[in-house]
Amino acid sequence: MTIRIGLIGAGGMGRAHLARIANDLSGAVITAVADINHDAAVSAAEPYGAKAYDSSEALINAPEVDAVVIATFGKAHAPDVIRCIEAGKYVLCEKPLATTAEDCLRIMEAERKAGKRLVTVGFMRRFDAGYQEMKAVLDSGEHGYATLVHCRHRNPSVPEGYTTRNMIDDTAIHEIDICRYLLGEEIASVRIDTPRATSRRFEHLQDPLVLVATTASGVLIDDEVNVNIQFGYSIECELVMEAGTVRLGDQEKVHVRDVHGNRNAMCQSHIDRFQTAFNTEFQSWINAVARDEHTGSTSWDGYAATCVVDAALESLGNGGREVSVSMIDKPTFYA
Ligand code: ISE
């Protein structure tokens, strides 16, 4: 069975997803693209012979669309995700699932009514081989339990429209999710530390910042978010256990050896760094949709991450004091 996919949001991320579905993956074709910018929809749809829509609602209900990918801005996600659920179509929604906990709750309620998990949140790091091996090492129990996780999330630069809020709800949200995934537990409290700012930033940004979180069992997570580091896109993670540590491998595509030394090439963007993880995520989703099954992170994961983001934003606004994360009990539907 070939899955007919409709994409909402023809920006850079959306187009990268179209290219991977058409060139790298199997079992799916692109039949529709929607964007509020008509020309963007037409130019993205054209190479794939897909239909262009100005309205996401029309795309979701189109007969030639079996499943939907959403790659618009976070604020636009909730209504479209709910429409997909109501249409009974599987949806892979880029993170964040929604920008408020209330919207995530509405999404979960719609899914519960539909009686089926239809929503996958695009936390692609869960499909990265390095993070999966880290989890396997921890879960083996050989080194005892986890006590600390050290994370670094560095971007070469960000555009002027990117805000300090985005450092948490768009950037650190990846570590919030991957730490929940690695540790298999919820984050209970969080605070934001604000070190000396780099001069290589737009004036309005508080860059870098450090998100410090504590999980329900007391594991301490520190996440350096540093979005104007200049030299490249660099993601680091070290998990400390009672009798061992495990660290994410570096990006090992090629090594350059010359008079300046022996070094490996630096990725410049998440699309490059997580190319294989994105492909694995999308292929698993396509395969699962064909079997009428859910895969990847759920609406609950999207909700939990948003609750941590909300607490972190509160800490950012209150001078960095620790804030408890408040969330509902996990519904059995997501157990
Ligand atoms: C972007 O949206 C991502 O998802 C990237 O992984 C992250 O590194 C970047 O900071 C975000 O803006």
Side-chain angles (χ1 to χ4, degrees), residues 7-20 69-77 92-99 120-131 149-182 192 197-198 200-202 204-211 221-237 248 250-251 266-282 285 296-297 301-302 305-306 308-309 312-313 316:
L7 167 80
I8 304 174
M13 195 72 244
R15 284 169 191 251
H17 291 329
L18 293 180
R20 84 179 76 258
V69 172
I70 298 181
T72 46
F73 292 111
K75 272 195 179 151
H77 290 173
L92 196 168
C93 178
E94 269 304 337
K95 54 83 203 168
L97 175 60
T99 47
T120 298
V121 186
F123 287 126
M124 77 300 187
R125 290 193 191 180
R126 290 176 179 231
F127 293 87
D128 178 80
Y131 280 115
V149 191
H150 305 296
C151 309
R152 296 187 181 112
H153 191 152
R154 295 172 177 153
N155 289 184
S157 63
V158 286
E160 194 165 5
Y162 176 101
T163 61
T164 302
R165 179 191 171 101
N166 295 150
M167 294 176 71
I168 296 168
D169 71 3
D170 193 48
T171 299
I173 195 168
H174 281 296
E175 281 77 29
I176 292 170
D177 180 69
I178 204 68
C179 288
R180 292 182 58 253
Y181 166 78
L182 288 173
I192 299 293
T198 168
R200 312 290 180 97
R201 74 196 199 284
F202 288 109
H204 63 80
L205 272 194
Q206 178 61 57
D207 180 29
L209 55 75
V210 184
L211 180 148
I221 299 163
D222 58 277
D223 181 22
E224 173 196 313
V225 184
N226 206 334
V227 293
N228 287 284
I229 200 71
Q230 312 292 305
F231 64 80
Y233 185 87
S234 179
I235 303 298
E236 297 177 34
C237 183
L248 194 63
D250 212 347
Q251 33 199 335
M266 266 287 145
C267 291
Q268 294 299 318
S269 81
H270 59 290
I271 295 180
D272 186 14
R273 169 65 177 84
F274 288 109
Q275 162 82 354
T276 311
F278 276 122
N279 280 358
T280 311
E281 173 192 38
F282 269 70
W285 180 68
S297 54
D301 296 310
T306 297
V308 179
V309 164
L313 289 170
L316 185 68

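Numbering of ligands and ligand atoms starts at 1, following listing order. These numbers come from a predicted model, not from an experiment.
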Visitor: For ligand 1 and Tyr162, I'd like to know whether there is a polar contact (N/O to N/O, distance under 3.5 Å).
Guide: no
Visitor: Any ion pair linking Asp170 and Lys95 (charged N to carboxylate O, less than 4.0 Å)?
Guide: yes
Visitor: Check Phe274 against ligand 1 and report side chain, backbone, both or neither, counting heavy atoms closer than 4.0 Å.
Guide: neither
Visitor: Testing the basics here: between Ser157 and Asn228, what is the closest heavy-atom pair and its distance to 0.1 Å?
Guide: CA-OD1, 3.5 Å
Visitor: In terms of atom number and element, which parts of ligand 1 are under 4.0 angstrom from non-hydrogen atoms of Asp170?
Guide: 1 (C), 2 (O), 11 (C), 12 (O)
Visitor: Tell me, with the steps shown, if Arg201 and Thr164 meet side chain to side chain contact (heavy atoms under 4.5 Å, CB included).
Guide: CA-CA 11 Å; Arg201 74 196 199 284; Thr164 302; over 6 Å; no
Visitor: Relative to atom 5 (C) of ligand 1, which among Arg125, Glu175, His270, Met167 owns the nearest non-hydrogen atom?
Guide: His270
Visitor: Would you say His77's side chain and Ile70's backbone share a donor-acceptor pair under 3.5 angstrom?
Guide: no
Visitor: Considering only NZ, NE, NH1 and NH2 on the basic side and carboxylate oxygens on the acidic side, decide whether Asp301 and Arg180 come within less than 4.0 Å.
Guide: yes
Visitor: With a 4.0 Å cut-off on heavy atoms, is His153 in contact with ligand 1?
Guide: yes
Visitor: Determine, using heavy atoms of Val227 and all atoms of ligand 1, whether some pair is separated by less than 4.0 Å.
Guide: no
Visitor: Using a 6.0 Å distance limit plus a 45 degree cone around the ring axis, check whether Arg20 lies over the aromatic ring of Phe282.
Guide: yes
Visitor: If we only count heavy atoms from C-beta on, is the Asn226 to His153 side-chain gap below 4.5 Å?
Guide: no
Visitor: Checking a contact table here: which protein heavy atom is nearest atom 4 (O) of ligand 1, and how many Å away?
Guide: His174 NE2, 2.9 Å
Visitor: Considering the heavy atoms of Tyr233, write down every atom of ligand 1 situated less than 4.0 Å from one of them.
Guide: 5 (C), 6 (O), 7 (C), 8 (O)
Visitor: Nearest heavy atom to atom 2 (O) of ligand 1 wins, so pick from Glu94, Lys95, Met13, Arg154.
Guide: Lys95
Visitor: Of the side chain and backbone of Asn155, name the one, both, or neither that has a heavy atom under 4.0 Å from an atom of ligand 1.
Guide: side chain
